Every structure is written in C-alpha cells, then in structure tokens.
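Worksheet for the structure shown next.
For ligands, and for the atoms within them, numbers begin at 1 and follow the listed sequence. Residues: numbered from 1 along the sequence shown. Model, not experiment: these values are computed from the prediction.
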Amino acid sequence: MSKQSQWKTSTGFILASAGSAIGLGAMWKFPYMAGVYGGGAFLLMFLVFTIFIGLPLLIMEFTIGKLGRTYTTAIFGKLSGKKWTNIIGWSGNLAVFVLFGFYSVVGGWIIIYIAQVAMQLVGLGSGTLGSIHFDQVISNPVYTIIGQGIFILITMVIVMLGVEHGLEKASKVMMPLLFVFLILIVIKSLSLDGAAEGVRFILEPRMEDLSMQGVLFALGQSFFALSLGTTGMITYASYAPKEMTIKTSALSIVIMNIIVSLLAGLAIFPAINAFGYKPEEGPGLLFKVLPRVFEQMSFGARFLLDFPLSYSYLRALTSSISLLELNVSIFTKNDNRKRTKVAVIGSVLVFLISIPATLSFSSLSGIHFGAGSIFDNMDFLVSNILMPLGAFATTLFVGQLLKMKDLEKVFGRDRLKLFVPWYYLVKYVLPVVILLVFVMQLFK
Ligand code: PHE
C-alpha cells in the first residue's frame, strides 16, 4: 500500500481490508479442509475459533496498526521502544512470502480455469467445462507453471504500477457480487440429487468425526482466512482513516468471512453426491465440483455465471496483490523509485518457491514428509506454525509491553464496556490457548 492509498472513509477501509483478507481462504481452503477434517464438526470448531480467538486477535492487530502507523518491520519497536520486537514483523513477512508461494499455485489453477472458460465461450475449447478432468490439469507441470507464472505476473504488474487502489475501489462492487453469485450457486446445488446428505455433512456437527488434527487445522483455517499473525491486517490499519472504528471493522470482516465460508461450503457439499465426488477430494475440491454445478444451470444462467465466477475467482488476485505489496512496502519504504525493482525481485523469488509447490501435484507428487506433499508442508508452515506463533508473540507484545491506557484510546469506548474483557483476554487467555493448541500439534 503506497501512502497515497489511504482510505478516506471507514467503509473504504473495511472494503480494502476485506479485499485482502477474504479470498481463497474462505472460498477454496475452507471447503477443502472441512471436507477432509470432519464436515460439520470442523465448521463448528472453525466458528468457535474465529469468533473467540480470531475476532479479538483481529481487533488486536487493528489496534497495533492504528497506534503505530508505520511499517510492520518497525512498528513493534516504535511502540515498545525495544527494537528486537520487530522480529515479529519480519516473521509475519516471511509467512506472507511463503503463503504467496503456495497461494499462486491455486491462483494458477484459476488462470487455467478462466482460459478454458474463455476458449469455450469463443468456441475453441472441446467438450464442456464439467468434462475437464481437474486432476489431469493440475498434474500437467507445464500448464500449471505457466498458469501460476501468469498469476504472479499480473499481481506484479499491478503492484509495480501502484494501481491497487483502483482495485480496492472495485471491491465495492466485487464483494456484493460475490455474495449474489455464491447464493445463486447454492440454490442450484441444493436442488441436485443427494443434496440433503451434503447439507447434513457440512452443517451437522458429528463430534466423533473430529480428530485432534482437525481441531488444529480448524485453528489454522481461522488464522489463514483472517490473515492473522502475518501483520497484514496491522499494515492495513496503519493506513486507516482516523475515524475508522476498530471493533466494527473487525466484526464486519469476521462476519463476511464466515458468510463466504458457509456459502462456499453450501455451494460445494450438496453437489458432491450428484457428481460422485467425495468430501475428501483435497485441494482440488472447489475446482472439480463447481464447474459440474454450472453445467447443470440453464444456458442463460450458465453464461452469466461462468464469466462472473471467473471474475469473482479474481478476488484471489486482490489477496495476492496485498501479499506482494506487504513485502514490497517494507523494502521500498514509500520510495517509489525502488518499487519496480523490489516488485520484480520479490515476484521472481515467489515464482521460484512456488514451482516445487505446483510440482507436488505432478512430477514431485512422490515426495511426502511431515504434513504431506511439498504444497501441504508450505501451507502447514504458514497456517499452523508461523501464523499462530506470530499471533502468540503479538499477544505477549500487547499484554506485556504496551500501556493499557494507550490501547484503550484507540480501542474506543462502547456501551458494553468491552475494553477490559478484551484486554485481559488478549493478555492472559489467548496466549495460553494458542500455545496449548500449538504444543499439542507438536506432540500429536
Ligand atoms: N486471508 C487471505 C485469504 O483468505 C490470505 C492472506 C493472508 C492475505 C495473509 C493477506 C495476508 O485468502
């Protein structure tokens, strides 16, 4: 975010930060994770974590941003007077870098999907969208590397030109449109054979289906979808207008995130039986099921949906732009002469680390260790290690090094007198809870 892209209104701020936070996490990762780790029980854990841990943490990150108003690699030191605390900012930026590496793999799949829709629209593609075998697509190393290269390139050009503010404005239209499209798809999915079973799968919490691993991944999902522990949201708040209200902004983003996740689940799971898929399809779930649903739509609706859906998939781009921008901004420090160079170097590095991630669905699919494939390990490193650790360190920072009265000033007054409970939650409860979940993961 360049300095000129300060948002003028609180709504502008909410839309911009929602544009960054609500992306593939809610639309792609939530259904895929819920499918593998217990459906309704996973959803329940995700909701509990998002509301009781995610929301207070988001408020915490917004508070730090609004208090410190500078780069994430300087903000911690500036606020506490202790330079070493800036390490939290650096670790957040490392998380963002690795995250962009595997995010762009999925971004590449989207590019391939859009190319296929476009070819079919002009009569060049053969067969129908639903007949495309997604597994074949992602197991083609050349296609996928080109796809992700294009995805990173588009992100890079936008960041280089510094025009992301224009895109943020587009969020005003994109967010409501996303809701409309998702609702239309949900309606169609619900009308398919075997839909009730899918609805039960995602809504009914069968606790016996929840493993310890599922609990850990639900926490990771809450962090990922809200961009927590990466300092991303701190950066957004550091540019926010004075009148930005922290609690309302955080609550709006949490609610939008939950709605998009739920709608994505309700678009996918009810359709699974009709097309013979299983919930545990893994990372390809969204891409396998949705095209089949579109196929079922009458021509007019399909035409309308193929296109806009590709476009709402482009929401992934608003997140990836912020991912690159977060790293570019700490190295350019608003010196726009450095922007092109830093954006190019950053993108090339991301492209390099994303190649093994993409190949874990093809040539390198035999490599399995730790959390699974190379792709799985990158995701695990970010969502289950760096993000929780970043958030843990930030709660200690806020609870131990910042003054309660400074925090209270930016937190703002409210009728419910939420400051004190929020403060003690962040100071004593959340660090213990995050640490507990984190340690359980090491000994699972
Ligand atoms: N929360 C984003 C998503 O769900 C990913 C993200 C993480 C974006 C961290 C910016 C910073 O897609």
Side-chain angles (χ1 to χ4, degrees), residues 1 14-34 46 49-50 54-55 57-58 61-62 65 72 88-89 91-107 109-110 151 155 159 164 167-168 171 174-175 178 217-239 250 252-265 283 286 312-330 346 350 378-391 394:
M1 284 130 281
I14 294 176
L15 284 170
S17 38
S20 161
I22 301 172
L24 292 177
M27 289 192 298
W28 156 77
K29 199 174 173 212
F30 171 75
Y32 133 51
M33 286 273 146
F46 167 74
F49 288 147
T50 300
L55 179 61
L57 287 180
L58 190 57
E61 296 206 358
F62 280 166
T72 51
I88 307 175
S91 138
N93 277 282
L94 173 69
V96 164
F97 178 70
V98 181
L99 198 151
F100 192 17
F102 71 87
Y103 212 81
S104 62
V105 172
V106 186
W109 298 345
I110 296 173
F151 184 76
T155 309
V159 171
E164 53 270 34
L167 269 183
E168 279 153 9
S171 283
M174 277 166 95
M175 199 49 118
L178 177 67
F217 279 100
L219 184 73
Q221 175 60 24
S222 307
F223 279 92
F224 188 95
L226 291 173
S227 316
L228 295 169
T230 62
T231 69
M233 291 293 108
I234 296 184
T235 310
Y236 271 83
S238 72
Y239 293 120
S252 320
I253 291 170
V254 165
I255 292 175
M256 281 191 262
N257 174 40
I258 290 178
I259 296 178
V260 175
S261 306
L262 266 177
L263 287 177
L286 172 83
S312 54
Y313 270 157
L314 278 177
R315 287 197 51 77
L317 201 60
T318 46
S319 297
S320 70
I321 290 165
S322 74
L323 289 168
L324 182 59
E325 181 65 54
L326 287 170
N327 272 328
V328 167
S329 64
I330 59 166
V350 164
M378 282 167 83
D379 185 0
F380 188 84
L381 172 66
V382 174
S383 313
N384 296 54
I385 298 187
L386 292 175
M387 287 179 151
L389 269 190
T394 316

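Once rounded to the nearest 0.5 Å, the distance linking CD1 of Ile253 with CZ of Phe62 reads 4.0 Å. The CG atom of Leu58 lies 8.5 Å from the OG atom of Ser227; values are rounded to the nearest 0.5 Å. The structure places CZ of Phe49 at 15.0 Å from CG of Leu55, a figure rounded to the nearest 0.5 Å.
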Given Met378 and Val98, is the side-chain contact (heavy atoms from CB on, under 4.5 Å) satisfied, shown in steps? CA-CA 7 Å; Met378 282 167 83; Val98 181; 4.2 Å; yes

Verify side-chain contact (heavy atoms from CB on, under 4.5 Å) between Phe151 and Leu317, making sure each step is shown before the conclusion. CA-CA 8 Å; Phe151 184 76; Leu317 201 60; 3.8 Å; yes

Pair Leu24, Ile110 - check side-chain contact (heavy atoms from CB on, under 4.5 Å), show working. CA-CA 11 Å; Leu24 292 177; Ile110 296 173; 3.9 Å; yes

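Residue Leu99 approaches ligand 1 through these ligand atoms, each under 4.0 Å from one of its heavy atoms: 7 (C). Against a heavy-atom cut-off of under 4.0 Å, Gly23 is close to the following atoms of ligand 1: 3 (C), 4 (O), 12 (O). Per-residue contacts place Ser20 under 4.0 angstrom from the following atoms of ligand 1 (heavy atoms of the residue considered): 2 (C), 8 (C), 10 (C). Here is the list of ligand 1 atoms found below 4.0 Å of a heavy atom in Ala21: 1 (N), 2 (C), 3 (C), 4 (O), 12 (O).
At least one N or O atom of Leu24 sits closer than 3.5 Å to an N or O atom of ligand 1. Checked by distance only, ligand 1 and Leu326 stay at 3.5 Å or farther apart across all their nitrogen or oxygen atoms. For ligand 1, the polar-atom distance check finds an N/O of Gly25 within less than 3.5 Å of one of the ligand's N/O atoms. Not a single N or O atom of Ser322, backbone or side chain, sits closer than 3.5 Å to an N or O atom of ligand 1. Geometrically, ligand 1 and Phe224 share a nitrogen or oxygen pair separated by less than 3.5 Å.
Contact record, Ser319 with Tyr103: CB-OH, 3.2 Å, taken as the closest heavy-atom pair.
Both the backbone and the side chain of Ser227 come within contact range of ligand 1, each with a heavy atom under 4.0 Å.
For the pair Gly232 and ligand 1, no heavy-atom separation below 4.0 Å is found.
Nearest non-hydrogen protein atom to atom 12 (O) of ligand 1 is Tyr103 OH, 2.3 Å.
Between Phe46 and Phe30, the ring planes are tilted. Angles from 30° to 60° get that label.
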